[in-house]
Amino acid sequence: HDLSDVARPGADPGGAIAPFGIAKGRVLVVAPNLTIKEGLFESLDVTNRQKCFWRKRNILADEAMIGGPFATTLDTGNLSVCEKSHFVISNIQQLSTNPDKWLHQFPRDFFDMVIVDEAHNYRNPDSPYRAAALRALLFGQRRDVLLLTATPVNNSLWDLYHLMRFFMKQDAQLAERGILSIRERFEHAMRTDPASLSPDVLYPIIDATTVKRTRQFIKKHYQGDTIPGPDGKPIPIIFPQPQALTVRYNVDEALPGFFD
């Protein structure tokens, strides 16, 4: 299934930190935990008439889903089921704790795209549990990678650098854009006072690899646009107005002697 009506990000570096993309082959979706994995499977399963995302949002008609896209998980332990599916949904714990069963069984060309949910969990390159498992999964034949995260920077700008390294293997990969060394750009940014940092240092890298859809961006550029509601009828895009609530409680009653 070619989702050709969706703009493909990161065409030059071969990946992106973004929620959009195209896949003409099989897609592996890596969830951060079991609960999210189960929720993703329910949303992608065309046989689930109540929770299937394609049905609820009227993206695909019933007749269009006769031949898929079909989704499966690795819970059956049957590789032949994965071969017949368009989406394979797993969680990183399943892949990392038993690499011989899955990571080493998939042919290098088995997946055309890998989508990693909550990708900020992989920002530590020395993590043997998450980062090492993802590197093993991406080793070999080049494939598109989508890293989904709302918080690409947690502790420092190096978080963003290490995420990009999953799909940008060469330090000079963006040389045609005038970026001779990606690492040197980040080193320069880390040495500079954030208040004095020029946008020209990192923005060209971010622009080449990231699709950004912040709340402010959508409010500015999508005014009056609609999305399909649960009943299929178009509803306007709105953001709820946050309302602060005051909650008063007695700490001494809850934790007597805690501050003594």
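Small disclaimer: the values here were computed from a predicted structure and weren't measured.
- Among the candidates Ile92, Val29, Asp75, Leu74, the single residue satisfying the side-chain contact (heavy atoms from CB on, under 4.5 Å) test with Lys37 is Asp75.
- No side-chain N or O of Glu118 forms a donor-acceptor pair with one of Asn33 less than 3.5 Å apart.
- With hydrogens and angles ignored, the 3.5 Å screen pairs a side-chain donor or acceptor of Gln173 with a backbone N or O of Gln170.
- In this structure, NE2 in His120 is found 9.5 Å from CG in Leu163, a value given to the nearest 0.5 Å.
- A distance of 9.5 Å separates CE of Met164 from CG of Leu147, quoted to the nearest 0.5 Å.
- Counting only heavy atoms from C-beta outward, the side chains of Leu148 and Val116 never approach each other to under 4.5 Å.
- Between Phe70 and Phe87, the distance from one ring center to the other does not fall under 6.0 angstrom.
- The CD atom of Gln50 sits 11.0 Å away from the CD atom of Glu42 when rounded to the nearest 0.5 Å.
- Within the structure, side chain to side chain donor-acceptor pair (under 3.5 Å) pairs that include any residue of residues 185-201 comprise Arg183-Glu187 (at least two apart or interchain).
- Nearest approach of Arg165 to Lys169, heavy atoms of both residues: NH1-O, 3.0 Å.
- Connection of Leu202 to Leu180 is not established within any shared hydrophobic cluster, with ILVMFWY side chains joined at heavy-atom distances below 4.5 Å, either directly or through further cluster members.
- When atom types are taken as modelled, the side chain of Asp45 and the backbone of Phe41 share no donor-acceptor pair closer than 3.5 angstrom.
- Atom-to-atom distance recorded for Ser96:OG and Asn91:CG is 8.5 Å, nearest 0.5 angstrom.
- When every heavy atom of His86 is checked against every heavy atom of Gly67, the shortest pair comes out as CE1-O, 3.5 Å.
- Between the side chain of Asp117 and the backbone N or O of Val30 there is no donor-acceptor pair closer than 3.5 Å.
- Looking at heavy atoms from C-beta onward, Arg26 lies out of side-chain contact with Asp112 at the 4.5 angstrom threshold.
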### Task
Run the numbers on Met168 and Ile182 for side chain to side chain contact (heavy atoms under 4.5 Å, CB included), then give the verdict.
CA-CA 9 Å; Met168 290 198 298; Ile182 298 171; 3.7 Å; yes
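- Trp54 and Pro69 make their closest contact through NE1-CG, 3.9 Å (heavy atoms, listed as atom of the first residue, atom of the second, distance).
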### Query
How far apart are the C-alpha atoms of Glu83 and Phe110, what are their side-chain angles, what is the distance that settles it, and do they pass the side chain to side chain contact (heavy atoms under 4.5 Å, CB included) test?
CA-CA 8 Å; Glu83 293 173 345; Phe110 195 76; 3.6 Å; yes
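- A donor-acceptor pair is defined here as one N or O able to donate and one able to accept, closer than 3.5 Å; no such pair exists between the side chain of Ser85 and the backbone of Val88.
- Distance alone, capped at 3.5 Å, places no donor-acceptor pair between the Arg55 side chain and the Arg49 backbone.
- When the side chains of ILVMFWY residues are joined at heavy-atom separations under 4.5 Å, either directly or via intervening members, Tyr161 and Tyr203 end up in two distinct hydrophobic clusters.
- Looking at Leu28 and Ile115, their side chains never come closer than 4.5 Å, going by heavy atoms from C-beta outward.
- Between the Ser127 side chain and the Arg130 main chain, a donor and an acceptor come within less than 3.5 Å of each other.
- With a 4.5 Å cut-off on side-chain heavy atoms, Ile205 and Leu174 count as touching.
- Counting only heavy atoms from C-beta outward, the side chains of Val145 and Met113 never approach each other to under 4.5 Å.
- In this structure, CG in Asp207 is found 6.5 Å from CZ in Arg177, a value given to the nearest 0.5 Å.
- Hydrophobic clustering (side-chain heavy atoms under 4.5 Å, transitive across Ile, Leu, Val, Met, Phe, Trp, Tyr) keeps Leu40 apart from Val81.
- Within the 4.5 Å cutoff, no side-chain heavy atoms of Gln93 are placed close to those of Leu34.
- A donor-acceptor pair is defined here as one N or O able to donate and one able to accept, closer than 3.5 Å; such a pair exists between the side chain of Ser156 and the backbone of Trp158.
- Using cut-offs of 30° and 60° on the angle between ring planes, the pair Phe217 and Tyr222 is tilted.
- The CG atom of Asp171 sits 10.5 Å away from atom CZ of Phe186, with the distance rounded to the nearest 0.5 Å.
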Distance-only check: which donor-acceptor pairs under 3.5 Å involve side-chain atoms of residues 234-250, not counting sequence neighbours?
| residue | atom | partner | partner atom | Å |
| --- | --- | --- | --- | --- |
| Asn250 | OD1 | Asp252 | N | 2.9 |
| Asn250 | OD1 | Glu253 | N | 3.2 |

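- Contact between Asp159 and Asn155 at its shortest, heavy atoms only, is OD2-N, 2.7 Å.
- Leu197 is connected to Ile206 through a chain of hydrophobic side-chain contacts under 4.5 Å among Ile, Leu, Val, Met, Phe, Trp and Tyr, so both are in one cluster.
- Of all non-hydrogen atoms in Pro32 and Asn121, the two that sit nearest each other are CB-ND2, 3.9 Å.
- Side-chain contact between Ser90 and Thr73 is absent, with no heavy atoms from C-beta onward closer than 4.5 Å.
- Residue Arg135 comes nearest to Phe166 through the heavy atom pair CG-CE2, 3.7 Å, listed as atom of the first residue, atom of the second, then distance.
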